[in-house]
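Lettering of chains follows the sequences in order, A, B, ..., and the numbering in each one begins at 1.
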Amino acid sequence: MTKYILKRLGMMLMTLFLIILLTFILMHSVPGGPFTRDKQVAPAVLAALEAKYNLNDPLPVQFFSYFSGLLRFDLGPSFKYTGKSVNDFIVNGFPFSGRLGLITLVFVLLTSIPMGIVASLKNGRWQDMLLMALATLGVTIPSFVIAAGLMYVFAFQLKWLPIFGVDDWKGYILPMVALGGYSISFLARLMRSSLLEVMGQDYIRTARAKGISEMRVITRHALRNAIIPVVTVLGPTVANLLTGSFVIEKIFAIPGMGSYFVNSVTQRDYTTIMGMTVFYAAFLITMVFIVDLFYVMIDPRIKYE
Amino acid sequence: MSNLLEINNLRTSFLTSGGEVQAVRGVSLSIGRSESVGIVGESGSGKSVTFLSVLRLLASTGRIQGGEILFEGKDLVGMSRKELRAIRGNQISMIFQDPMSSLNPLIPVGKQVSEMLWSHHHAMPKSEQEQHTLELFRMVKIPEPEKRIKSFPHEFSGGMRQRVMIAMALACRPSLLIADEPTTALDVSIQDQILKLMRKLQAEVGMSILFITHDLGVVAELCSRVIVMYGGLVMEEAPIDALFENPMHPYTRGLLASIPSIDQDKAKRLTPIAGSPPDMIHPPMGCPFAPRCPNARGICQTKMPPYTSVGEGRRSMCWLLTPEAPLTDNPFKSGGEVWA
Amino acid sequence: MSEFGEGSFVSEWERVKTNTRDMEKIWSTPRTFAGDVWFRFRKKPTALAGFLLVLFLLAFALLGPLFTPYSYSDQSLTLANIPPILSVTEASNGNYLYITPAMKVIQIGRDGKLLGQLRKIKDDDTLRRISFTLDDATVVYLDYTVKPAAMLDSNGMRSPADKQVWNTSFLLGTDQLGRDILTRLMYGMQISLLVAFVAATINMVIGILYGGIAGFLGGRTDAIMMRIVDIISTIPLTLYVILIKVTLDNGLFSIILALSSVYWVDMARVVRGQVLSLKQQEFVLASKSIGSSNRTIMLSHLIPNAMGPILVTVTMLIPSAIFVEAFMSFIGIGIAPPMASLGTMCNDAMEALRSNPYQLFLPALAICLIMFAFNFVGDGLRDALDPKLKK
């Protein structure tokens, strides 16, 4: 087991390294990027960059100094905003994004799994049709359309919820629903098909042949097996919430990391783009790793090579 | 002797989008106590569905359309689900063909077996349950039971898994064990071991065994009586020796003719039964075997034959056995081969 | 005696002639593979609806512009922000008057045609009233003492705009610059569909080649190639697309390039899986034994047999591409003006969401219809190709 964990950890770190390298190379290939002489850059920023990244040095050396900065958790200065560093943006934005992300994830799990279970148990009946119709809508309608729609109905017309910002808890509701819409629908469909497949398996018939109640058959035997595909897909789900946050934070004017990132992209703040990408990558890789561990704990069939 | 299980004119169908598949079309039979009976038939003959109907373990599209199933005098068809659950595993147990897919891959086997105990003896304390489970594992000859109790199904070989299934089925000492092709998925040598085990256990526990299979050879090992099914109906029923010595149905004769035996004449070809099973959505009007029977007559195509009693504990469903059938050109009355 | 009716040819005890053909009868109607897939596809209502919708949308985008009198860039600033359905009041000359959110007044003919903006005479702050001239003859007043603003009738009373009339000059209304939304939708759809199709095609080709080679060569090469794919897929593909777009300029070409750069990984996995399983089959062995080159085997045997899953995957690539393009346009790094895709139209309309919601919801609806259509077609194809669901 430990060997497996170490192996996965090694893979993770290698992946992260490659991504950092890739991002570095990409940012270097931009004409007028941070590592060339650009008239548009404020002298103070240029000076800071030169000091940090030794712009006159050959590329590998620059990469080395960047990388060693990363090891100290120093993501570098902002290319556009003098005096601000990428770390600043992350520290400022993380509380908002983190809160929204966590709330949404919990909301997604608490909604999609029961939805899928009910739809599966009432297979073919109106509850199934209704829930799956909703899920189809959620998966097909883009999140920003859902966000705009919710905003129009609940904030503008009905005036029940605030339009912008997250000053109080009510401000989180619309962003949470808009951000989670796709994932809820996707997971609900997955849960439903997974449970349907499990219920048709031979071991469910065996369980019934033992004379245990149908409730126990479902909870003790079926659900445990059916939830595995959902766990597998948790990593990509978190990734999806992350990219979704770019657009949701913009629409609802939430000052989270997503809006800093989008801003850096439109402003061509290359060092921030690079730094935040590295941060996101590291975060997601860690999430995937944790989910993997979880998965191994649940399913005894996994062979640790 | 009162019968343990009595099935009267059972009809079971599956309601699919392609139509109603009539899997069982009027099966009647009875099983006594401590009997071992073989149910033989090819795929689609209705042999499994008949007994899945007994415990109401049919797929969601399955429906019992008529008939009664009496277990110790009580009708199982009309019984409430709650009452039926008290019988499942407790008085009637069932084991299935593929032990790998029949065991829950995520739960240790010991727990799966003791769940049987928990289900019918709630009050039994955990330690006693574990003791019982160990006993059962020893009974079915699983080595190192203390260790194996915590193992998962995928850690066992096919034969071992089937032993686990048997242990599970016997946990509450049922009076009837239904074994649906338990050795089909196993190697021949393992098959043999399992059959011997089942014979031993039957003697020990004193239960009846219903052994469903398509393999006549296996039946010969274990059963005292055989029921041959085809097209959703019982074709012939006889004590084992009588059946092998003098089969009284064209289908049975065909089955026996297609089994290779060690001492057979090398020059003699094996005669398979030509054709394929009938369409159960539109089953034939008359005898279901008529389309493939080399002795089929006009009446066989249009009318369902009645059962004729042909000896002690024997019956067969064939027009050629009835009093109205001609005496000449009739393999059952004038002699000669059914299958040339 | 026999109870048989007319036309029976065998009496009770006469032997029946056995017909081997009857005995081996197969109980379903034979069809070709493609015919079978189409048959099953047709049976599913959502799949068929999706297919028809795709055809309709293509016609709308490609042929639609031939029927509109406007181009996508024609502006008429006086007629900006006019919705498709107007709430109007009757004017004294028999026509209708519409009050814009900016408190201008537009005259509308009885048939719904926009006849032009009324010239303002004076804005009286104290009375909170604006006067306009109607046909250079009469004067009409707009009262804004309370919200919403309303016209005053001949008695000086507020006359609410309670009649609804269709805008027949601009069927779906105009945007902030007075451009016809219907026309812009058509062009926007052209751009969105073009980007999506080209990107999907490039992804498909790359994916087929990559996955095909990996699966065909197998062994170490396959392991390395798939490891690379795994590493790429660890972080969300959208992130890569954003990064790559940032390093490129603003043209249409660059967004297509960005979209084509990463989504081939799904296709690669699917094709590799298919090739791996097909490789074992006998027709490949047969082909090898007659001396076909590897390239021939790949192109004439393996790929065509994998066509089913390939088709399904590519059909699902299109809505992904549409979505990502719209997503990027929405956060501001998509297609640049003057060209507009559905995504940029949505983005531009966000600021005016409160007052002119139709400007956002019409292109949003278009996006949704495209995604629905292709998703349903993809689902239908997948079910039609699944051998387990065969009847």
Side-chain angles (χ1 to χ4, degrees), chain A residues 1 4 117-129 191-232 293-305, chain B residues 48 51-52 54-61 81-109 111-122 150-155 161 164-165 168-169 171-172 174 177-178 180 185:
Chain A
M1 177 75 158
Y4 178 77
I117 294 176
V118 169
S120 155
L121 295 177
K122 301 273 184 210
N123 185 23
R125 304 221 273 271
W126 67 268
Q127 297 96 326
D128 182 20
M129 307 269 171
M191 186 73 216
R192 172 188 179 270
S193 64
S194 171
L195 188 57
L196 276 178
E197 197 187 319
V198 163
M199 290 299 275
Q201 293 291 321
D202 285 346
Y203 54 84
I204 297 296
R205 186 176 57 179
T206 308
R208 290 201 181 111
K210 289 192 220 173
I212 58 185
S213 70
E214 191 66 12
M215 175 68 83
R216 195 180 153 95
V217 169
I218 296 174
T219 48
R220 267 224 87 194
H221 289 267
L223 279 184
R224 207 183 284 210
N225 286 268
I227 205 116
I228 290 182
V230 172
V231 170
T232 312
L293 282 183
F294 208 56
Y295 179 63
V296 161
M297 282 196 299
I298 298 183
D299 191 343
R301 288 170 292 184
I302 301 298
K303 295 193 203 5
Y304 325 130
E305 309 136 23
Chain B
S48 297
F51 297 99
L52 286 172
V54 168
L55 282 181
R56 242 186 273 166
L57 289 174
L58 299 166
S60 53
T61 48
R81 278 219 292 260
K82 193 155 167 235
E83 287 183 277
L84 192 63
R85 273 184 281 156
I87 293 189
R88 283 179 184 165
N90 199 13
Q91 298 178 292
I92 307 180
S93 266
M94 194 158 176
I95 62 178
F96 305 99
Q97 178 172 340
D98 183 0
M100 183 61 224
S101 60
S102 296
L103 289 170
N104 192 330
L106 300 185
I107 303 180
V109 294
K111 277 217 160 68
Q112 295 192 49
V113 172
S114 58
E115 189 176 28
M116 185 70 105
L117 295 167
W118 177 91
S119 164
H120 300 286
H121 304 282
H122 276 276
K150 303 197 185 72
S151 306
F152 290 95
H154 65 272
E155 298 177 62
R161 276 181 228 136
V164 169
M165 288 288 290
M168 187 159 68
C172 300
L177 171 68
I178 305 175
D180 190 355

- Polar side-chain atom of A:Thr206 near backbone of B:Ser102 as donor-acceptor pair, under 3.5 Å: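 Such a contact is found between A:Thr206 side chain and B:Ser102 backbone.
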
Has A:Lys210 got a side-chain atom pairing as donor or acceptor with B:Gln112's backbone, closer than 3.5 angstrom?
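Side chain of A:Lys210 to backbone of B:Gln112, a donor-acceptor pair under 3.5 Å: yes, one is there.
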
What are the two closest heavy atoms between [X] and [Y], and how far apart are they?
{"X": "A:Arg208", "Y": "B:Leu57", "result": "CB-CD2, 3.6 Å"}
{"X": "A:Ile212", "Y": "B:Arg85", "result": "O-CD, 3.4 Å"}
{"X": "B:Pro105", "Y": "A:Pro300", "result": "O-CG, 3.7 Å"}

Next item on the list: Test side-chain contact (heavy atoms from CB on, under 4.5 Å) on B:Ile107 and A:His221 and set out the steps.
Entry: CA-CA 8 Å; B:Ile107 303 180; A:His221 289 267; 4.0 Å; yes

Is it the backbone or the side chain of A:Ile204 that comes under 4.5 Å from a heavy atom of chain B, or both, or neither?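 Contact with chain B involves no heavy atom of A:Ile204 at all.
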
Handout entry: Atom group of A:Arg216 that falls short of 4.5 Å from chain B, counting heavy atoms
Key =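 Only the side chain of A:Arg216 comes within 4.5 Å of chain B.
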
ask   = Is the count of non-hydrogen atoms from other residues, nucleotides or ligands lying under 6.0 Å from B:Glu155 atom CD greater than 12?
value =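 Yes - once you tally the heavy atoms of other residues, nucleotides and ligands closer than 6.0 Å, there are more than 12.
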
Need one label for [X]: side chain, backbone, both or neither, based on atoms under 4.5 Å from any heavy atom in chain A.
{"X": "B:Asn104", "result": "both"}
{"X": "B:Met165", "result": "side chain"}
{"X": "B:Leu52", "result": "side chain"}
{"X": "B:Leu106", "result": "both"}

key: When B:Ser60, B:Ser93, B:Ser101, B:Gly89 are compared by non-hydrogen pairs under 4.5 Å with chain A, the top option   =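 That would be B:Ser101.
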
(message) Tell me which of these, A:Ser213, A:Ala209, A:Gly200, has more heavy-atom pairs under 4.5 Å with chain B than the rest.
(response)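 Ranked by contacts with chain B, first place is A:Ala209.
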
Worksheet item: Is A:Glu214 paired with B:Arg81 through a side-chain N to carboxylate O contact shorter than 4.0 Å?
Response: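 Judged by the 4.0 Å cut-off on N to carboxylate O distance, B:Arg81 and A:Glu214 do not form a salt bridge.
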
Calculate, to the nearest 0.5 Å, the distance between atoms CG and CD belonging to B:Leu103 and A:Gln201 respectively.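 If I round to the nearest 0.5 Å, the distance is 12.5 Å.
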
